[in-house]
Amino acid sequence: MKFGQELSHKAIPEWINGYVNYSLLKKKVKAIAKAFPWQELNLHPSILLNPETSQAQRVAATLQPRTDPNSPTGFTINTLEDSERRCQEINNSVQEAQFIAALNKELEKVNRFFQQQIEVAHKVRRKLDLQLLGFYADHAPPEQAQVALTIIRDRLEREQQTAATELLQSRSNLVGDRENRLRRRVGREESDLHQDTKLLADAYEEFYRLLDLLISFQELNRLAFVKILKKHDKITGLTLSSSFMATVDQAPFRQVNMQIMLRHVEQEYTQCLAYGNRSRAMEALRVPIDPFTPFDFQMFRLGAWLTVFLFSVIVLVVAMLASKLHFPEPTAHFTMFRGLLYPTLMTALIAIDVYIWKKHHINYLLIFGLDHRSYTNHIDMMERAGVLAALWSLTLFLYVFQDEAPTVPSPYLPVTLMGVMLLYLLLPGSTRPHKATRWALNTAWRMVAAPFYHVRFEDFWLADQFNSIIIFVMDVEFMICYLSLGQFEQDGEALCRSSASGLRPTIAALPAWWRFAQCWRRYYDTGKKHHLVNAGKYFSTLVVVTFSSLTSVANGDGQKLGTDTAVTAFFTCWIGAALVNTCYSLYWDLVKDWGLFSKEEGVKHRFLRKQLLYPVRVYYLAIVLDAVLRLGWTLSVSVGFFGNFFGEGLVALLAFTEMCRRFMWNCFRLENEHLNNCGEFRATRKVELPFELIEEDEDLVENSPVAKVCFEDTGTSVALHRTESAPTPAGRLMRKLTKR
C-alpha cells in the first residue's frame, strides 16, 4: 500500500483537515521532477559495445545522446559535475522554493491544529479533576477525601516538572485551599456511588482514547514528513531531510510528551476507579486492535448459515411447484412468516451499511455513541442475519412438510420461531458483546419513552428504522391476535385484520408518534424551530394512518367507494395526505437529512454539496430512487391494514422496497452527520458526568448535594452539583416526571 493511501486509511476522519496534505506535497515533488528530468543510464555492454546498435535503440535504452569525440560510442554518461550542476539548479529553482514553502505551511497547519486539540485535552483534564474531587467529597468520609487531593497534587507537580506546555504549568494552582471545602460529606445511597463510578469511568476511558488519538496524530504526521522528504531527496539529489526533520522534531506538536499524560490517567483510573487492579484498568482503557487471522472462522460460519438458508428455499420452491401441497390457512401463515423475515433482511442491509461506512472512513461508532472497545462490526451483523435466515427457512420447511411430521403443531411454529429469534438477539455471545447489547436495549427504551429523555442521534435513527419496518410490527400484532383466538378459521383472520377496534391503526402510528415526540423534545431542549418543522412531517404520517383507517372501516361496513359519501371523502383525504406526506418527506430526506441541494460556495456538482465521500453518479441515482420509493413507503403505512384494495403479496413487495430505501437513506444520513462532525473536529464521544459546574450566584436545585471548590489563582468560586440527567433505567422515569 502506498503511503498516501495508508495516511488516508489511518488518519482520524474527523481530523483529516489537520493532517499533512501529502498529495499536495507529492505534486510539488513531481513538478520538480518534471522540470529537471533525471534518467538512469543503461550501461550494459550489449548496448554500449555493440557497434550495430542504432542511435534510436540507444535512446530507447534511456542513454542520453551527447556528442563526445573522445567517447568510443559517441555517448557520454553523467559525470559528478553534471549531478552537482543539476542539484544547484534545483536548489535555486522556483519549484524547490514552492515545495519548501508548502512544507512550512503544512508544518504550521499541523502545529496549529495540535495546539487546538491539546487545549481541548487540558480542558477535559481539568473537568475530570473537578469531577474526581466532587466524587470523593460526595461519597468519601472526611479523612479519606484527602486521597483525591493528594493524587491530583502529586500529578500536577510531576507535570509541572516536565514543562511540556504553559497550560500544564498553570494548572499547578488548581488545588488551592480545597482541603477545608471538601471535608463536608454528603450522604448518598449505594446505587448512586455505583452509578457515579460508572459515569466517571466512562469519562476517563473516553479521555484516554483522546490522548491515544493525539499520539497517533503526532506519529502519523511525523511519518508523513519523513516519507515526503525521502522522496524529495531521492528525486532531486539534495539533502533536505536532515535539516527540515530537525525543525519538525522541535515543532510544538512534537514537544508535548503525551505518554506522561497517558500514564497519569492510567494511575488515577487504577487507584480511584478500578479498585487498585491495574490489569482491569488497562483492559477497560485500551482500545483493542483487531488481530489478523489467516482463516476467518466467522466467515465460514456465515457461509454455512447462508447455505442452509438457500438450500431450504430451493427445496421449498421445487416442492411447491412439483406438487399441490395443502397448506392450512395459507394467507394467515404467509403473513406471520413474512413478518418474521423482515428483521433478518433489515439486519443484513444494516450490515452492508456498516461495511460502506467503514470503507469510506465514516466514523459510525462515534455517531452512534458506541464504545470502540466493544461493538459489533459488519461481519458480526451479517453472521447474525445468516443465523436468523437459516432459522426462518428451517421453520418454514417444517410448516410446508408438516404432513411428514404430524406431531408438530404448525399454527404455533411462527411463535416458536419469534421466541428463538428474540433469545438469540438479546442474549450476549461471542458476536454480541455485553456493552453492545446494553446499548441496543438502552436505545430502544429511550426511543419508546421519547418525551422524557434527551434525544440522541441513535435514538431517532432507531425510530426511523421502525418507521420503515412498520409492516413487521403489524404482522407481529396479527400473529398474536390470530393465535390468541384459538380458532384458526377465516372469521378469525378477518377479525384480526380489521381496523374497527382501533388497535391496528394505533400500532401502525407508534413509530411516527415516537419520532413526533422526539422532535418536540429536541425543540424543548435546543429551541431550534426546524425540529418543529420536522415534527410536521411525522404529523402528516399520523394523518395518513388516520384517514386510511377510516376508509378501511367504512369500506368494511359495506360502503362502496364512489357511491357512498363517507368512504369517498375518507379515501380522497387519504390520497391527499399521502401525496403531501410524500413531498414533505422527500424534501426532508434530500435537503435536511442528506444535505444535498446545498447553497454554499464551491459546489462543483449541481444539486449536490461541496464535500462528497461517494462517487458523484451515486448521488443522482439516489435522488431518483428516493423519490420513487417514497411513494411506496406512504402506501405501505396504509396497506398493512387496508387489504380490501391491496393483496398481501403487494404489501410484502412494498415493505421490501421501503427497507431498500432505508438502506440507501442510512448511507447518506451517516455521511452527512460525519461531515458535520469533521467540521467540528469532534473525534470522541460526549460522555455524561456525575456533576456539572454552575456559577455561585445561580440558584441551586433545592436539597441537591453540593461540593464547593475555590480556585486560588483567580479567587472565583464555583459549585459542583449532581446533574439532573441520568442513564435510562425505567425505575427513574417517575422521579424525572415529579421533578418537572
**Student:** Give a yes or no on whether Trp588 atom CH2 has more than 12 heavy-atom contacts from other residues, nucleotides or ligands under 6.0 Å away.
**Tutor:** yes

**Student:** Is any side-chain heavy atom of Lys610 less than 4.5 Å from a side-chain heavy atom of Lys604?
**Tutor:** no

**Student:** Measure the spacing between OG1 of Thr546 and CZ of Phe570 and express it to the nearest 0.5 Å.
**Tutor:** 11.0 Å

**Student:** Contact between Gln465 and Asn666 at the side-chain level, heavy atoms closer than 4.5 Å - yes or no?
**Tutor:** yes

**Student:** Without swapping roles, check the side chain of Asn467 against the backbone of Ala463 for a donor-acceptor pair under 3.5 Å.
**Tutor:** yes

**Student:** Can you list the residues that meet the ring-ring contact (aromatic ring centres under 6.0 Å, His included) rule with His531, with sequence neighbours excluded?
**Tutor:** none

**Student:** Calculate, to the nearest 0.5 Å, the distance between atoms NE2 and OH belonging to His454 and Tyr524 respectively.
**Tutor:** 8.5 Å

**Student:** With a 3.5 Å cut-off and no angle check, do the side chains of Asn221 and Glu106 form a donor-acceptor pair?
**Tutor:** no

**Student:** If the condition is side-chain contact (heavy atoms from CB on, under 4.5 Å), which residues does Leu223 pass it with, not counting sequence neighbours?
**Tutor:** Phe3, Lys227

**Student:** Answer whether the closest heavy-atom distance between the side chains of Leu596 and Ile623 falls below 4.5 Å.
**Tutor:** yes

**Student:** Using side-chain heavy atoms (C-beta onward) and a distance below 4.5 Å, is Arg662 in contact with Leu349?
**Tutor:** no

**Student:** Given side chains that start at C-beta, do those of His674 and Glu14 come closer than 4.5 Å, heavy atoms only?
**Tutor:** yes

**Student:** Could you please spell out the steps behind the side chain to side chain donor-acceptor pair (under 3.5 Å) verdict for Gln115 and Arg112?
**Tutor:** CA-CA 5 Å; Gln115 288 286 0; Arg112 183 172 59 252; over 6 Å; no

**Student:** Please report the C-alpha distance between Phe571 and Phe547 in whole Å, then the side-chain angles of each, then the deciding distance to 0.1 Å, and finally whether the ring-ring contact (aromatic ring centres under 6.0 Å, His included) criterion is met.
**Tutor:** CA-CA 7 Å; Phe571 183 79; Phe547 281 113; over 10 Å; no

**Student:** Between Phe217 and Tyr19, does a ring-ring contact (aromatic ring centres under 6.0 Å, His included) hold up when you go through it step by step?
**Tutor:** CA-CA 8 Å; Phe217 181 85; Tyr19 283 84; 4.9 Å; yes

**Student:** Should Glu108 and Lys105 count as an ion pair when the cut-off is N to O under 4.0 Å?
**Tutor:** no

**Student:** Among Asp353, Leu629, Asp593, Leu670, exactly one meets side-chain contact (heavy atoms from CB on, under 4.5 Å) together with Trp665. Which residue is that?
**Tutor:** Asp593

**Student:** Any chance the rings of Phe460 and Phe457 have centres within less than 6.0 Å?
**Tutor:** yes

**Student:** May I ask you to check whether Asp459 and Trp514 show a side-chain donor-acceptor distance below 3.5 Å?
**Tutor:** no

**Student:** Atom CH2 of residue position Trp461 - does it have more than 12 heavy atoms of other residues, nucleotides or ligands inside 6.0 Å?
**Tutor:** yes

**Student:** Checking salt bridge (Lys or Arg N to Asp or Glu O under 4.0 Å) for the pair Asp525/Arg521: CA distance, chi angles, key distance, verdict?
**Tutor:** CA-CA 6 Å; Asp525 292 337; Arg521 180 56 194 252; 3.1 Å; yes

**Student:** Judged by modelled atom types alone, do Thr335 and Asp475 share a side-chain donor-acceptor pair under 3.5 Å?
**Tutor:** no

**Student:** May I have the step-by-step check of side chain to side chain donor-acceptor pair (under 3.5 Å) for Trp594 and Asp626, ending in yes or no?
**Tutor:** CA-CA 11 Å; Trp594 296 359; Asp626 191 66; over 6 Å; no

**Student:** What orientation do Phe114 and Phe253 show, parallel under 30°, tilted 30 to 60°, or perpendicular over 60°?
**Tutor:** perpendicular

**Student:** For Asp589, is there an ion pair with Arg661 - N to carboxylate O distance below 4.0 angstrom?
**Tutor:** yes

**Student:** Could you label the plane-to-plane angle of the Phe597 and Phe607 rings as parallel, tilted or perpendicular, counting under 30° as parallel and over 60° as perpendicular?
**Tutor:** tilted

**Student:** I'd like to know if Arg609 and Glu600 make a salt bridge, using a cut-off of under 4.0 Å between side-chain N and carboxylate O.
**Tutor:** no

**Student:** Quick check: are there more than 12 heavy atoms from other residues, nucleotides or ligands sitting under 6.0 Å from OH of Tyr355?
**Tutor:** no

**Student:** Is any side-chain heavy atom of Glu658 closer than 4.5 Å to a side-chain heavy atom of Ile470?
**Tutor:** no

**Student:** Given side chains that start at C-beta, do those of Arg446 and Leu462 come closer than 4.5 Å, heavy atoms only?
**Tutor:** no

**Student:** Output yes when a side-chain donor or acceptor of Ser548 lies under 3.5 Å from a complementary backbone atom of Val545, and no otherwise.
**Tutor:** yes

**Student:** Could you grab the distance from atom OH of Tyr538 to atom OH of Tyr584, nearest 0.5 Å is fine?
**Tutor:** 10.5 Å

**Student:** If you round to the nearest 0.5 Å, how far is CG of Leu510 from CZ of Phe516?
**Tutor:** 14.0 Å

**Student:** I'd like to know if the side chain of Glu671 pairs up with that of Tyr619 as donor and acceptor (distance under 3.5 Å, no hydrogens or angles considered).
**Tutor:** yes

**Student:** Using every non-hydrogen atom in the two residues, find where Val20 and Ala224 come nearest and quote the distance to one decimal.
**Tutor:** CB-CB, 4.0 Å

**Student:** Over 60° means perpendicular and under 30° means parallel, so tell me whether Trp357 and Phe368 are parallel, tilted or perpendicular.
**Tutor:** tilted

**Student:** Does Phe663 CZ have over 12 foreign heavy atoms under 6.0 Å away?
**Tutor:** yes

**Student:** Less than 4.5 Å apart, side chain to side chain, heavy atoms only: is that true for Trp15 and Gln117?
**Tutor:** yes

**Student:** In terms of side-chain heavy atoms, does Thr443 have a donor or acceptor partner in Glu458 at a distance below 3.5 Å?
**Tutor:** no

**Student:** Salt bridge or not for Arg669 and Glu673, using N-O below 4.0 Å?
**Tutor:** yes

